Trainee: 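Pasting in a structure now, in C-alpha cells, and then I'll have a few things to ask.
Because the structure is a prediction, the values reported are computed rather than measured.
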Amino acid sequence: MTHVFQRSAVAAAAYSFFSLSLGTAWAQTAHTDDAHRLDEVTITARNLEGGGLLVPAQQLSGAALTQRQGSTLGETLDNLPGIANSSFGPNVGRPIIRGMEGDRIRILQNSGANMDVSGLSNDHAVPIDPLTTERIEVLRGPATLLYGGSAIGGVVNVIDNRISRERTFDAKGGVMGKAEVRAGGAADERSTGALVEAGNDKFVLHVDAFDRSTKNLRVPKDMNCVSDTVTTPNGRRVCNSASDSKGGAVGGTLLFDRGYLGLSTSEYRSTYGTVAEPGVTIGMLRRHHVMEGLVREVGVFQDLKFQLGNTNYTHTEYEGADAGTRFDNKGHDLRLEGRQRAVRLSNGMQLEGVVGIQGERNKLSATGDERFLPSSRTQSTGVFTYQALKTTWGQLSAGARAETVEVVSFQGIGPNNDNAAQSKKFKPLSFALGAMRNLRVGEAQNGWQLTTNLSASQRAPKDYELFAHGEHVATAAYEIGQPSNGLEKGTQLDVGGEWKQGPHKFGITGFASQFSNYLALRPTGEGWDSTNEVFVNPVGQDVPVYRFEGVRARFYGIESTAKLRLVGGQSALLSPNAAHGAMDLELRADVVRAKDLTHNSYLPRIAPMRVGADAVWSRNAWGARFGFMHAAAQNRVPDNGTEPGIATAGHTLWNAGINYHAHTYGPTHWLLFAKLDNITNKLAYSSTSVLTQTMTTNAPPIAGRSLKVGAQVSF
C-alpha cells in the first residue's frame, strides 16, 4: 500500500480494508511499526468490485504480490492452489486453472477485454507486466459470467489504478508514488518500475513506466542450441531465452460527488526469444486506450458504470533480422453494467445484483510463411446478470449470460485452400448457482463457512478451433480446425469449506467438471511432409497432424490450504512487541485429474499432485519465509497413437525469502526483500509446458538456483 499526503477519509478506509485483508498491520505514522507479513491471500469469498456481493476468489496485492512477482502472469500466480503456469520458457506463461488453459481462462485488465493472441499459441506472451499491477484477482463460480461466456475455467482480472475510482486526495491536493528496482534471479533480471499520482478531490493524474531485461535463463544442466543443421553447446543457459520489455501509461480522472470519468492510454513493448527456435525472436507492441465512467444513484440502480476500450496489437516473428510471420489484432470492447439498489425483504433478507451488456469486436490478420490460420473477425454481444440473496445464515447467488457470437474467416488456408472463407454463428447460454452457509459466531467470526457452486456453461469455438490449417511450430504439430465444431458444453460443481479459529485457518474445496462437448486438439495418426506438402499415413518421421474435435471429457480435483500459529499468541493480528515475533506454518495442496472419455485417454499438460509448506516468521519490521513445493511425478499423459506421451518426474523445490519494512521521514515507506529459489539447484521439468513434449531431451527445465533482491519505496 502507498502512503499519501493529506489522505481523505475514504482513501484511509480503503487503505485499512486492504491492509487487514492482507493480514498485515502496517504503521499509519512514522512513529508506529506493526508486524509486516508477505502472506499469500486465498479467500473463499470477497466483495465484488466493493459492492458487497460475495464471490469465490483468490487475491494477490500489496507486499504479497511484490514478493511473488515473476516476469509473466503465469509465473506470478503459479503454485497458488489450483493454479499452474503454462510456461514456454521464462518469457511466456499464462495461468492454468484446475487443468484448463488457453482461451478457457479469461484474462482481463480492469475488468475490460485484454485483446492479444496469447490464447492462440503457447509461445505468445500476455502483454501485461506485473511491475505496474496493483492487484490480481482470480474469480470462479457464478460471477465469471459477468465477464464472458468463454471463461469456463475462470477469470483472472489484473487491476491497476490508471483510472482512479475513488477520491485519494482532499481539496488541498497531494502527491503519492511508488518506485521499485529488482535484480538477479536465474535470468539475471534487471527491472525498474515507477508510478506517480497527483491531484485533488476533483482531478487525479496518473503516470507509470517500467523497464525489464533478462539474459538467457540459467538451469541445472548443460543445454544446446539446436537448429536444422547444427547443434551448439550453450553451457547451463537456455538458448534464445533473453528478453527486453518496457512500457508506460498516462491516465486522468475527473471526480464528482456522484461518480467519475477517466481516460487512460498505455503502451507495452517486448522483444523475446522463442526458446524452441534458436534464431527466432518475437517483437510485440500493444497500445491500449480506455474510457471509463461511473454515476451513482440513478433510478433503480445504486450505480451505473461503463467502460470503452480500444486495442491495437502487433506481433512479428523475426528470423534473424528478417521479419517473418506477423499477427495484427485490432478491436474494441464496450461494457455497461448497473448495480441494483439493495432490496430489503422479510426475515432480514436482502437482494442485491448486477445486470449488464457487453460487446466485443476484433479483427485478426495473419501473414507470413508460418501462419497456420487465416485472417478472421470475431464479434460477440452478451447480456448478463448476477443476483445475490443475503440471509441471516449466508447467501444464495445466481448468474446467467446469453451471447451471440459470429466468427468470420476471410480466406481459405492450407495446401488445397482448405477451410474456405465462411462465417459461423453461435448462441452460447450459461447459468450458475451458488450458496454460502455461514456458521461463524462471535465478534471474531470463528467457525466454518461452507460454499458450493453449480454451473452449466457454453463456449463458442475460437477462430483457430474452426479454421486453423497449417504447421504450428510452437506445438510441433500440423493443426487443423473444423468449421463443423459446435459449442463447447460443460457442467461444473465445486463444494468447499473454510474453518477459522483466531489465527488458525483451514480450507478445502473439491471440484468436478463434466463436458459433453470439449474441444480437444487430437492426433489423427497422419503426418505432414512439409517438403512435398502432402499428408503421410502413418505419421512416420513427419510433423504429426492434430485436429480440433469435440470429445466427452471430465476434470476433477481437490484444493486445500491451512495456516497454524506456532509462536506468537492466538490473536489474528500480530503484536509488534512480541519477544520472539510470530511464527506460522502455512500448508497447501492440490490435485487435478483430466481425461478424454471419448478416446479413454488422458488430457495433456495437466499439473501433478502438489504439496507445499512454508514456515513464516515476522517480528516488527522483519519477515522471513522458508519452505518447499513438491510436485509428484506426472505419468498420466496422453498416448498419441504412434508413441506414448512423455512423463515428468517428481521433484521438490526449496525456497526462502526475507523482507524488511521501514518508515523514514514522514509517510515514506521502504520495502527491502530478497528471494532464494530452488536452493538445492534441483533439475526439474514442468508437466504443464508444451516444450516438455515437443523438445524432449533439450526441453528447458525449471530455473536453477537463483537469488533475486529488490527495493520498493512508496510515499
Side-chain angles (χ1 to χ4, degrees), residues 1-15 18-19 26-30 60-63 65-67 69 109-110 127-136 158-183 190-213 245-255 260-269 286-293 661-673 710-715:
M1 276 310 203
T2 304
H3 291 263
V4 300
F5 294 114
Q6 300 170 329
R7 186 189 292 116
S8 70
V10 173
Y15 174 87
F18 286 117
S19 296
W26 283 11
Q28 300 298 311
T29 71
L60 276 176
S61 60
L65 175 59
T66 298
Q67 181 129 357
Q69 205 173 88
Q109 192 165 10
N110 300 307
I128 296 176
D129 195 279
L131 273 175
T132 56
T133 297
E134 184 176 272
R135 188 167 78 253
I136 301 175
V158 181
I159 299 169
D160 55 53
N161 199 41
R162 290 166 176 169
I163 294 177
S164 296
R165 296 166 182 86
E166 291 186 3
R167 283 191 167 95
T168 307
F169 309 101
D170 60 18
K172 296 180 181 179
V175 178
M176 60 182 280
K178 180 173 67 175
E180 180 180 321
V181 296
R182 56 177 65 207
R190 299 290 186 272
S191 62
T192 57
L195 67 85
V196 175
E197 293 183 2
N200 54 30
D201 62 341
K202 301 297 184 185
F203 177 76
V204 177
L205 176 67
H206 172 105
V207 179
D208 69 60
F210 74 92
D211 192 324
R212 181 198 303 273
S213 65
S245 303
K246 60 188 64 178
V250 176
T253 309
L254 293 173
L255 298 161
Y260 64 86
L261 177 64
L263 295 169
S264 74
T265 180
S266 62
E267 180 175 288
Y268 179 99
R269 292 178 179 269
R286 175 182 182 259
R287 292 190 174 100
H288 186 53
H289 315 288
V290 179
M291 174 186 289
E292 181 181 310
H661 293 256
H663 288 277
T664 55
Y665 176 75
T668 303
H669 172 259
W670 287 87
L671 169 63
L672 308 177
F673 59 91
Q712 184 185 95
V713 59
S714 55
F715 60 89

Trainee: Drop me the distance from Thr168's OG1 to Leu255's CG, to the nearest 0.5 angstrom.
Mentor: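 The OG1 atom of Thr168 sits 7.5 Å away from the CG atom of Leu255.
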Trainee: Quick check: does any side chain N or O of Thr253 sit under 3.5 Å from a backbone N or O of Ser164, one acting as donor and the other as acceptor?
Mentor: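 Yes, because the side chain of Thr253 sits within donor-acceptor range (under 3.5 Å) of the backbone of Ser164.
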Trainee: Of the non-hydrogen atoms in Val175 and Ala198, which two are nearest, and what is the gap between them?
Mentor: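 Distance-wise, the nearest heavy atoms are CG2-CB, 4.0 Å.
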Trainee: Apply salt bridge (charged side-chain N to carboxylate O under 4.0 Å, His left out) to Glu180 and Lys178, showing your working.
Mentor: CA-CA 7 Å; Glu180 180 180 321; Lys178 180 173 67 175; 5.7 Å; no
Trainee: Quick check for you: to the nearest 0.5 Å, what is the distance between Leu65 atom CG and Arg135 atom CZ?
Mentor: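 Atom-to-atom, Leu65:CG and Arg135:CZ are 10.5 Å apart.
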Trainee: First locate atom NE2 of His289, then atom CD of Glu267, and finally report the distance between them rounded to the nearest 0.5 Å.
Mentor: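 Taking NE2 in His289 and CD in Glu267, the distance rounds to 9.0 Å.
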Trainee: Within the side chain of Arg212, is there an N or O that forms a donor-acceptor pair under 3.5 Å with the backbone of Ser191?
Mentor: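 Not at all, since once roles are kept as given, no pair shorter than 3.5 Å links the two residues.
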Trainee: If I take atom NE2 from residue His288 and atom CZ from residue Arg162, how far apart are they, to the nearest 0.5 angstrom?
Mentor: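 Between atom NE2 of His288 and atom CZ of Arg162 there are 8.5 Å.
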Trainee: Hey, mind stepping through Arg269 and Arg287 against side chain to side chain contact (heavy atoms under 4.5 Å, CB included) and telling me if it holds?
Mentor: CA-CA 9 Å; Arg269 292 178 179 269; Arg287 292 190 174 100; 3.4 Å; yes
Trainee: First locate atom CG of Leu205, then atom CG of Asn200, and finally report the distance between them rounded to the nearest 0.5 Å.
Mentor: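 One finds 11.5 Å between CG of Leu205 and CG of Asn200.
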Trainee: Would you say the side-chain atoms of Glu292 and Asn110 include a donor-acceptor pair closer than 3.5 Å?
Mentor: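 Per modelled atom types, Glu292 and Asn110 side chains form no pair under 3.5 Å.
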Trainee: Do Met291 and Ile163 have side chains that approach each other closer than 4.5 Å (heavy atoms only, starting at C-beta)?
Mentor: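 No, their side chains stay 4.5 Å or more apart.
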Trainee: Going through the distances and angles, do Thr66 and Arg182 end up as a side chain to side chain contact (heavy atoms under 4.5 Å, CB included)?
Mentor: CA-CA 10 Å; Thr66 298; Arg182 56 177 65 207; 3.7 Å; yes
Trainee: Where is the tightest heavy-atom contact between Ser61 and Glu134, given as atom of each residue plus distance?
Mentor: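 Closest pair (atom of Ser61, atom of Glu134, distance): CB-O, 3.7 Å.
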Trainee: Compare every heavy atom of Tyr268 with every heavy atom of Ser245, then report the nearest pair and how far apart it is.
Mentor: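 Smallest heavy-atom distance, with atoms named: OG-OH, 3.9 Å.
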Trainee: Do Asp201 and Asp170 come within less than 4.5 Å of each other through their side chains, counting heavy atoms only?
Mentor: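 Heavy-atom side-chain distance check fails, nothing below 4.5 Å.
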Trainee: Going from NE2 on His661 to CH2 on Trp670, what distance comes out if it is rounded to the nearest 0.5 angstrom?
Mentor: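 If we round to the nearest 0.5 Å, His661:NE2 and Trp670:CH2 are 14.0 Å apart.
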